[in-house]
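Encoded as structure tokens, the structure appears first; notes follow it.
Lettering of chains follows the sequences in order, A, B, ..., and the numbering in each one begins at 1. Note that the coordinates shown come from a computational prediction; the quantities given were computed from them, not determined experimentally.
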Protein chains: 2
Amino acid sequence: MPLTQAAPQSIDRIFSILGHLARERDGESLSELARRADAPKSSVVGLLTGMVDSGYLIRDVQGKYRLGPNMVALAISVVARQGLQDLARPVLQRLADQTGETSLIGTLASDADLVMYVDKVESANPVRYTVPLGERRELYASAVGKVLLAHMAADRCDTYLRNEKLRAFTPKTITSVRTLRQEISEIREAGLALTVDERVVGVSALAAPIHGEGGRVIAAIVIAGPSERMRTALKQHKASLRAAAKSLSLAMAGTTTH
Amino acid sequence: MPLTQAAPQSIDRIFSILGHLARERDGESLSELARRADAPKSSVVGLLTGMVDSGYLIRDVQGKYRLGPNMVALAISVVARQGLQDLARPVLQRLADQTGETSLIGTLASDADLVMYVDKVESANPVRYTVPLGERRELYASAVGKVLLAHMAADRCDTYLRNEKLRAFTPKTITSVRTLRQEISEIREAGLALTVDERVVGVSALAAPIHGEGGRVIAAIVIAGPSERMRTALKQHKASLRAAAKSLSLAMAGTTTH
DNA sequence: TTCAGGTGTTCGTATATACGTACAGAGGTC
DNA sequence: GACCTCTGTACGTATATACGAACACCTGAA
């Protein structure tokens with residue numbers, strides 16, 4: 001392998017600056033950005049000036065640097081290009097990091113009223129919940145399935161409830177159509193679905209809807225783990241999950257066909 | 001002004017590459033990207049290699065370069081940071097393209113019960129409606145104003161209707177408080193407001209609410225044009241406007257404080 | 001008011017990087 | 001199979017850029 005020169009260090013510096021400014025609400029000073037980029041101030045000032053001149057950053061009246069209109073436009077066009085799975089991956093990763101539990105995306109299978117798991121980031125915990133991707137499961141006994149039922153057309157949901165045989169997987173599986181209907185209605189109001197030991201004993205799952213174009217629910221994002229561990233952190237998990245679902249819904253709203 | 005050196009040319013080259021890849025569905029070759037960036041291939045290959053190493057680009061099995069996971073994650077976090085006007089711009093552009101009419105965003109002025117137009121994309125038609133940005137107009141005679149009245153606190157709306165002198169701008173301006181109250185109630189139900197020749201003879205406007213955090217209406221998105229042209233395409237315009245308002249509402253829902 | 005610490009700016013010099021050139025290889029055409 | 005065109009790669013050299021050092025200025029604390 002011939003010896004080739006290293007890539008220019010401005011690449012990592014530029015992205016370090018952009019990433020930092022994307023995470024901060026307020027602008028940042030030259031000195032702070034130089035510290036974050038681990039680079040001399042006189043080197044960083046050249047990069048900042050160049051990005052300001054090109055409209056990717058702006059410098060406010062306090063001398064703080066912020067993301068500029070061209071960066072926002074570029075970001076919008078990048079996000080608009082992605083499909084759900086591309087957009088979901090970093091969100092799933094962050095959610096798994098925040099909660100310590102496995103995070104997944106599930107959608108309605110195209111040919112049957114079943115949930116299909118299309119992406120996941122497994123928990124770092126040695127004791128973790130997991131499910132094979134591509135797996136198809138019943139709607140009525142999973143948090144994802146209940147979210148999808150809550151947001152599908154009312155007549156399609158009614159047809160499903162009339163026709164589906166609610167077999168028990170565990171002693172906690174809901175097998176009463178009346179009880180399930182009531183719970184689906186509550187999920188529609190609350191936005192989140194929680195299952196405890198319904199599909200697998202000892203496993204809880206918490207799911208939220210992901211909205212696509214026109215507000216339709218196209219998928220659900222879910223975290224799942226051992227019921228006792230999920231129980232102790234449920235409140236924080238709900239907050240993290242709502243935020244993750246919202247950022248994905250935002251991202252999906254931007255990806256309309258042109 | 002002391003003579004300082006120019007910013008490094010890699011800045012413009014990096015953003016040129018990213019912008020181009022964001023617009024293309026397929027990947028692009030090294031030679032094509034070098035042409036687009038107007039730079040020697042041997043210079044561009046160093047930038048590409050650096051961005052691939054850092055995960056901002058990937059190189060597929062055909063040797064084509066594409067946006068990588070770190071660029072997608074950066075873009076998502078940039079978009080999640082924006083305010084209404086930044087997010088609105090591409091939506092207004094698309095709406096103006098789809099409908100052929102001028103599209104605008106209006107909000108409630110902070111110091112008076114007036115509409116203020118804060119952003120617009122003018123129609124490409126030589127015959128077009130336009131209004132200067134920053135312009136402040138009465139609520140009762142504009143589609144935006146009626147949307148905002150329909151979604152504000154009921155007592156604030158009542159106070160406005162009691163105190164505002166409903167002067168006529170045209171023979172079609174609604175000057176009866178009773179009629180206006182009824183119409184506001186209908187707008188609250190229907191979601192859309194339509195004005196025909198009320199503020200300016202020969203001009204119609206169609207407005208929909210934009211919801212922010214917690215479902216509050218923070219602005220309205222509107223298309224406006226000559227009444228006859230608006231009339232002939234009203235149904236399609238309603239569909240396009242609803243979709244635009246929803247995508248903005250979802251985008252605004254995503255920009256929550258973490 | 002003084003002082004210390006941190007800021008942003010400037011510039012000459014060191015050096016990292018850009019690039020021109022050559023070339024091997026691939027693909028398409030005849 | 002030969003030939004042409006374009007690709008991506010390699011590398012030595014030219015040069016654009018990084019950066020260390022110095023300094024004026026600002027802010028906050030004593």
Could I get the full list of side-chain contact (heavy atoms from CB on, under 4.5 Å) partners for [X], not counting sequence neighbours?
X	result
A:Q236	A:A233
A:A124	none
A:R229	A:E101, A:S123, A:N125, A:V127, A:P226
A:A205	A:A143, A:T195, A:V222, A:A224

What's the spacing between [X] [atom1] and [Y] [atom2] if we round to 0.5 Å?
X	Y	atom1	atom2	result
B:R59	B:L30	CZ	CG	7.5 Å
A:I221	A:L192	CD1	CG	11.5 Å
B:S16	B:Q9	OG	CD	12.5 Å

With a 4.0 Å cutoff (strictly under), does any side-chain N or O of A:S42 reach OP1 or OP2 of D:dA18? no
For B:R137, all residues meeting side-chain hydrogen bond (donor to acceptor under 3.5 Å, both in side chains), sequence neighbours excluded: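 Residues passing side-chain hydrogen bond (donor to acceptor under 3.5 Å, both in side chains) with B:R137: B:Y129, B:E135.
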To the nearest Å, give me how far apart [atom1] ([X]) and [atom2] ([N]) are.
X	N	atom1	atom2	result
B:D60	D:dG8	CG	C1'	15 Å
B:D38	C:dA18	CG	P	15 Å
A:K64	D:dC26	NZ	C1'	14 Å
A:Y65	C:dG8	OH	P	7 Å

Would you mind reporting whether A:L148 and A:V217 have side-chain heavy atoms less than 4.5 Å apart? yes
So, do B:L33 and B:L21 sit near enough that their side-chain heavy atoms are less than 4.5 Å apart?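 A side-chain contact exists here, since the closest heavy-atom pair is under 4.5 Å.
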Which pairs would a plain distance check flag for residues 46-58 of chain A, meaning a side-chain donor or acceptor within less than 3.5 Å of a matching protein atom at least two apart in sequence or in another chain?
from: A:T49; atom 1: OG1; to: A:V45; atom 2: O; distance (Å): 2.8
from: A:S54; atom 1: OG; to: A:G50; atom 2: O; distance (Å): 3.1
from: A:S54; atom 1: OG; to: B:D12; atom 2: OD1; distance (Å): 2.7

Short of 4.0 Å, heavy atom to strand atom, which residues of residues 45-57 of chain B count as contacting DNA chain D?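 Output list: B:V45.
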Terminal axes of the helix from C:dT1-D:dA30 to C:dC30-D:dG1 (five pairs each): angle between them, nearest 10 degrees: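 Rounded to the nearest 10 degrees, the bend comes out at 50°.
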When you compare the protein's N or O atoms with those of nucleotides 12-17 of chain D, which come within less than 3.5 Å of each other, and at what distance?
from: D:dT17; atom 1: OP1; to: B:Q9; atom 2: N; distance (Å): 2.7

Could you list the residues that satisfy salt bridge (charged side-chain N to carboxylate O under 4.0 Å, His left out) with A:R242, not counting sequence neighbours?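 Residues passing salt bridge (charged side-chain N to carboxylate O under 4.0 Å, His left out) with A:R242: none at all.
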Residues forming a salt bridge (charged side-chain N to carboxylate O under 4.0 Å, His left out) with B:K120, sequence neighbours excluded: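 In terms of salt bridge (charged side-chain N to carboxylate O under 4.0 Å, His left out), with neighbours along the sequence ignored, B:K120 is linked to B:E122.
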Can you pull every protein N or O that's under 3.5 Å from an N or O on nucleotides 3-7 of chain C?
from: C:dT7; atom 1: OP1; to: A:R35; atom 2: NH2; distance (Å): 3.4
from: C:dT7; atom 1: O5'; to: A:S31; atom 2: OG; distance (Å): 3.2

